[in-house]
Amino acid sequence: MSDQNPVPEKFLKPYNPQAIEGSIYSAWKESGYFNPDNLPNERTESFCIIMPPPNANGSLHAGHALFVTLEDIMVRFARMRGKKALWLPGADHAGFETQVVYEKKLEKEGRSRFQMTREELYKEIWDFTQENKSFMEGQLEQLGASCDWSRMLFTLDDRVIKTVYDTFKQLADDDLVYRGARIVNWCPKHQTSLSNLETNAEERTDKFYYLKYGPFTIGTARPETKFGDKYVVMHPDDERYKEYKHGDTFELEWINGPITATVVKDEAIDMEFGTGVMTITPWHDSTDFEIAERHGLDYEQIIDERGRLLPIAGEFEGMKILEARDKIIEKLEGKGLLEKIDENYTHTVMTCYKCSNLIEPQVRKQWFIKMMPLAEPAIEAIGKDKVRIITPQHKKVALHFLNNIQDWNISRQIAWGIPIPAKICTKCDAGFVDVEDTVTKCADCGGTVEKDPDTFDTWFSSGQWPFITLGYPEGNDFKTYYPTSVMETGHDILFFWVARMVMLGLYRTGEVPFKDVYLHGLVRDAKGAKMSKSKGNVISPLEVSEQYGTDALRMGLVVGNTPGTDLNLDPQKVSAYKKFANKLWNVARFVLTETTDFEFGTEVAFASEDEEIMRKIDELSKELTDDMEQYRFHLASEKIYHYVWHELADKIIEDSKPVLQGDDERKKRSRQATLYTLLTTSLKILHPFMPFVTEEIWQSLPQKDADMLIVAPWPTQ
RNA sequence: GGGCGUUUAGCUCAGUUGGCUAGAGCAACUCGUUUACACCGAGUAGGCCGGGGGUUCGAGUCCCUCAACGCCCACCA
């Protein structure tokens, strides 16, 4: 046997991912092919994915590994199919999230953000994120992300801020921005307001107190808010209280002495609940706030931003609400105003999604965006599949959200974020949008103005990410790649991010930001439990990648993972795909060993059984292409796995042994050519899923149609 | 209180528009040191596809209903 195509020695040992992944990634990077401007051959059709920018505040977790895998599969597939394929990476400053992470770090060091100036804090968090950002880029590389690093963008880069300001100004000019005293979700620990989406509803069992309030009995779970209550509210149709008229006043003895109360009739009252009568605390309760707004009632702050009682509480001033509660009840009991206590009252309370502390609603002046005018075009786009959410259940959920959308509070009282370009009057508290920084005095009262100290909700800028990253309005990338092909992200941020990108994208550019939406689920542990540090079941994708190889990790994340549903990451499953990588390695070894004497470039007379074998892989390729176009990666990956192992290796190779060792030269040559084609085709269709091992094998092929597999033509091209 | 989803082999899950004699990985069992691979091969066992009803020549797949579990949204003091 002549040896014109020698088999590289590396094939004599089992496949070792750790030894080759780094150098393969470097080779791709140096090739420049991650940047679509450098791709070979003329490419007319463009393809673009904007990466959901990972938060620059820690390591990548399993969810990141999943999105990298899915998006990398899509972009590699598009690249091989001859498209101008761009995957644009980013890093997110992640406002509140990062500030919370940093505060914890400060806490560990025995420091606190409240002892620092905003500037000091900002500077420190900036350095912290920059460090994390480069760390994170290395981790994305480890996972094989074939994204275009030359277009990398950070969410606090100047270009981002400029575009965000332009959008804010346009919204203001269109009368879609207002500053209003509204009740907001206030977290006393984090000292900021939060959007509704940033709170959790938690069921709790608390005491429910029945208190004598003049001639009435009122029920409350929060006696500490009742100091200023001077309105007593009941349903207009409640027969029990028909003798009391709206506007009646009466004197009564209350916590800290006699007060005058006024009767209010409002339909918000549930006659079945408690006694059907309640007093209201408009400053600290959203229902109460709305009742007060409807009737033009007074409201007064009882609890400060730290969760302590204000002077109105008299002797209780300065106490934390929970400490005060029992003492207040004691006093009420002493005065004979406590009627009874229901010990097993269950209700839902709002908690901060980060610290789980009780949300203390507060009335504050905040910037809001009117959402209905923005939501309407988005409802149409999603309803008519101009933005096609490929999982029908999420389409329904998104439409439901948009149809019931409420105005969006975009003010955050934190340092880490994009400052709101606005001025506030120091005298009358009026607010003015001021992107050009030209407002010097109050237009209402002539008073002096100061910069608004608040920052934007981070999702306000993130919501503009697709068109910002592509350089709207003038950038060439915007013209080439917008609307982008697909947005792939976690279903948990459908409202936070996806819906807002659709609304703001349509608002700003008049076009949808992406044509398709692929939502993946939560990555859970092997048994389906949610990963958490406290449970100790967190699986680090980077460790898994080091142990089994990135290709195996990727297969473990994608095989059987139906779009939109949660996925269990099982190291045993990943281990199985490590074996598969080795299987492929040995298939390559076999084929290369058996074709050392094959003369490439000469005519082959194929035997009919070989034509049949090749027809089958062509069929498979077509089927896979269809699956991939329809985002059925979970099926495509499994089919390739099955083909390579149980068809190519178990059957075709086994059946080939006698042919290759036989003395029919024509048949042998035909089979050699066939096996070689099966190998190259398998490498191609497997490459989006297992990029490293396939590229490593490709580099050792004596005959190929592209220097690198990453740009090799897809079999059906 | 609304909405969405899940229920298929011991475990974790696939099963795309109804054609399935229901699959995969892991686990289990039997055999096998055949020069691609022991990170292996050949084979075996294991499921009234949550319950009930319906549509259909045909249902894991469509419709109704019940049950269990899960998720999301929501201002009951």
Side-chain angles (χ1 to χ4, degrees), chain A residues 7 11-16 183 185 196-197 199-201 208-209 218-222 225-226 229 233 268-270 272-281 285-291 345 347-348 350 361 391-401 404 406 491-492 494-495 521-522 524-528 530 548-549 552 555-556 559-594 623 626-627 630-632 634-639 641-642 645-646 649-650 653-654 656-657 661 675:
Chain A
V7 180
F11 285 107
L12 299 178
K13 285 184 285 183
Y15 173 61
N16 179 4
I183 195 141
N185 303 303
N196 287 347
L197 294 176
T199 62
N200 288 324
F208 192 74
Y209 306 94
I218 59 158
T220 182
R222 303 206 54 192
T225 64
K226 297 283 148 199
D229 288 12
V233 193
I269 299 298
D270 180 355
E272 308 295 313
F273 187 85
T275 58
V277 184
M278 70 172 191
T279 60
I280 57 169
T281 313
D285 183 282
S286 55
T287 307
D288 296 3
F289 180 81
E290 281 171 21
I291 293 171
Y345 172 63
H347 61 152
T348 50
M350 302 289 266
T391 36
Q393 69 270 35
H394 293 120
K395 176 178 171 177
K396 282 186 215 165
V397 171
L399 288 171
H400 184 261
F401 169 74
N404 295 287
Q406 308 222 317
H491 69 63
D492 54 330
L494 175 58
F495 303 150
L522 193 68
R524 297 168 176 275
D525 77 0
K527 282 177 253 159
K530 203 168 172 173
Y548 301 105
M555 286 295 275
V559 176
N561 179 12
T562 321
T565 60
D566 290 354
L567 148 92
N568 301 349
L569 178 54
D570 185 352
Q572 269 190 333
K573 187 175 164 192
V574 176
S575 164
Y577 293 113
K578 183 188 181 188
K579 292 178 183 173
F580 177 58
N582 192 56
K583 191 72 181 177
L584 183 72
W585 189 250
N586 281 289
V587 167
R589 175 181 168 184
F590 178 84
V591 173
L592 293 177
T593 306
E594 295 299 331
E623 201 181 316
D626 187 44
D627 282 337
Q630 304 300 319
Y631 303 104
R632 295 189 293 253
H634 57 125
L635 294 184
S637 51
E638 197 177 355
K639 284 176 189 169
Y641 172 89
H642 192 266
W645 200 311
H646 300 298
D650 289 351
I653 285 185
E654 288 307 319
S656 297
K657 287 176 181 172
Q661 282 157 20
L675 285 174

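Just so we're on the same page: letters track the sequence lines, and every chain starts at 1. Every heavy atom of this structure was used, including side-chain atoms; hydrogens, water molecules and symmetry mates were not.
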Check your understanding: Nearest of C73(B), A14(B), G41(B) to any side-chain atom of Lys583(A)?
Key -> G41(B)
Practice item. Mind telling me whether Tyr15(A) and Trp585(A) have parallel, tilted or perpendicular rings, with 30° and 60° as the class edges? Key: tilted
Point to revise | Atom P, compared across G60(B) and G18(B): separation rounded to whole Å | key: 13 Å
Review point. What distance, rounded to whole Å, do you find between the two C1' atoms, one in G10(B) and one in G5(B)?
Key: 26 Å
Point to revise | Integer-rounded Å distance: U12(B) P and Met555(A) CE | key: 22 Å
Review point. Say you pick atom C1' in U33(B) and the same atom in A42(B); how far apart are they, in whole Å?
Key: 15 Å
Check your understanding: What distance, rounded to whole Å, do you find between the two C1' atoms, one in U55(B) and one in U8(B)?
Key -> 23 Å
Practice item. Could you work out the separation of G51(B) and C11(B) based on their P atoms and round it to a whole Å? Key: 16 Å
Review point. Under a 4.5 Å cut-off applied to non-hydrogen side-chain atoms, are Leu569(A) and Val574(A) in contact?
Key: yes
Review point. What does Ser575(A) touch in the nucleic acid at a heavy-atom separation under 4.0 angstrom: a base, only the sugar-phosphate, or nothing?
Key: nothing
Exercise for review: Measure from the side-chain heavy atoms of Asp285(A) and tell me the nearest of A77(B), G25(B), U12(B).
Suggested key: A77(B)
Practice item. Calculate the interatomic distance between Trp645(A) atom CH2 and C37(B) atom C1'; express it in whole Å. Key: 9 Å
Practice item. Could you tell me whether the phosphate oxygens of A24(B), OP1 or OP2, come under 4.0 Å of any side-chain nitrogen or oxygen in Lys639(A)? Key: no
Exercise for review: Would you indicate what Arg589(A) reaches in the nucleic acid, counting non-hydrogen atoms under 4.0 angstrom: base, sugar-phosphate, or nothing?
Suggested key: sugar-phosphate
Study note, to complete from the structure: Distance col, row His491(A):NE2 vs Leu522(A):CG, nearest 0.5 angstrom, shows 6.5 Å
Check your understanding: At under 4.0 Å between heavy atoms, what does Phe495(A) touch on the DNA or RNA strands: base, sugar-phosphate, or nothing?
Key -> sugar-phosphate
Review point. With a non-hydrogen cut-off below 4.0 angstrom, is Ile269(A) in contact with a base, only sugar-phosphate, or nothing?
Key: base
Exercise for review: Mind checking Phe289(A) for me? I need base, sugar-phosphate or nothing, with any heavy atom below 4.0 Å counting as a touch.
Suggested key: nothing
Point to revise | Interatomic distance, Leu522(A) CG vs C4(B) P [rounded to whole Å] | key: 22 Å
Check your understanding: Looking across every strand, which nucleic acid part, if any, lies under 4.0 Å from Asn561(A) by heavy atom: base, sugar-phosphate, or nothing?
Key -> nothing
Check your understanding: Within the structure shown, what part of the strands sits under 4.0 Å from Gly276(A) by heavy-atom distance: base, sugar-phosphate, or nothing?
Key -> base
**Study point:** Any Lys396(A) side-chain N or O less than 4.0 Å from OP1/OP2 of C72(B)
**Key:** no
Exercise for review: Remember a base hit wins even if backbone is also touched, and classify His491(A) as base, sugar-phosphate or nothing at under 4.0 Å, heavy atoms.
Suggested key: nothing
Point to revise | Spacing between Phe401(A) atom CZ and C72(B) atom C1', to the nearest angstrom | key: 12 Å
Check your understanding: Counting any heavy atom closer than 4.0 Å, what does Tyr345(A) reach on the DNA or RNA strands: base, sugar-phosphate only, or nothing?
Key -> sugar-phosphate
Review point. What nucleic acid atoms does Thr565(A) come within less than 4.0 Å of, heavy atoms only: base, sugar-phosphate, or nothing?
Key: sugar-phosphate
Check your understanding: So does Asn568(A) get a side-chain nitrogen or oxygen closer than 4.0 Å to the phosphate oxygens (OP1/OP2) of C13(B)?
Key -> yes
Exercise for review: Would you mind reading off the distance between Asn404(A) atom CG and G1(B) atom P, rounded to a whole angstrom?
Suggested key: 19 Å
Review point. What nucleotide among C75(B), A14(B), A36(B) has an atom nearest to a side-chain atom of Glu290(A)?
Key: C75(B)
Check your understanding: Does OP1 or OP2 of A14(B) have a side-chain N or O of Thr562(A) closer than 4.0 Å?
Key -> yes
Point to revise | Sugar-phosphate only, base, or nothing, as touched by Glu272(A) at under 4.0 Å among non-hydrogen atoms | key: nothing
Exercise for review: Would you kindly give the NE2-to-P distance between His646(A) and C37(B), to the nearest whole Å?
Suggested key: 18 Å
Check your understanding: In whole angstrom, what separates Phe590(A)'s CZ from U35(B)'s P?
Key -> 12 Å
**Study point:** Options A77(B), A74(B), U16(B), nucleotide nearest the side-chain atoms of Leu635(A)
**Key:** U16(B)
**Study point:** Euclidean distance for C1', U21(B) against A28(B) (whole angstrom)
**Key:** 24 Å
Review point. When we call it a touch if two heavy atoms are under 4.0 Å apart, what does Gly560(A) touch: a base, just sugar-phosphate, or nothing?
Key: sugar-phosphate
Check your understanding: Considering only the C1' atoms, how many Å lie between U7(B) and G47(B), rounded to the nearest integer?
Key -> 14 Å
Review point. NA contact type, His400(A), heavy-atom cut-off 4.0 Å: base, sugar-phosphate, or nothing?
Key: nothing
Revision key, fill the gap. When every non-hydrogen atom of Phe208(A) is compared with those of Gly219(A), the smallest separation belongs to CZ-C, 3.5 Å
Exercise for review: Please state whether the rings of His347(A) and Tyr345(A) are parallel, tilted or perpendicular, taking 30° and 60° as the class boundaries.
Suggested key: tilted
Check your understanding: Counting side-chain heavy atoms from C-beta on, which of U16(B), A74(B), C26(B) comes nearest to Asn196(A)?
Key -> A74(B)
Review point. According to a 3.5 Å limit on both distances, what stems of 3 or more consecutive Watson-Crick or G-U pairs are formed with RNA chain B?
Key: B:1-7 with B:67-73, B:10-13 with B:23-26, B:28-32 with B:40-44, B:50-54 with B:62-66
Exercise for review: Scan Ala649(A) against the nucleic acid and name what it touches under 4.0 Å (heavy atoms): base, sugar-phosphate only, or nothing.
Suggested key: base
**Study point:** Integer-rounded Å distance: G70(B) C1' and Lys527(A) NZ
**Key:** 18 Å
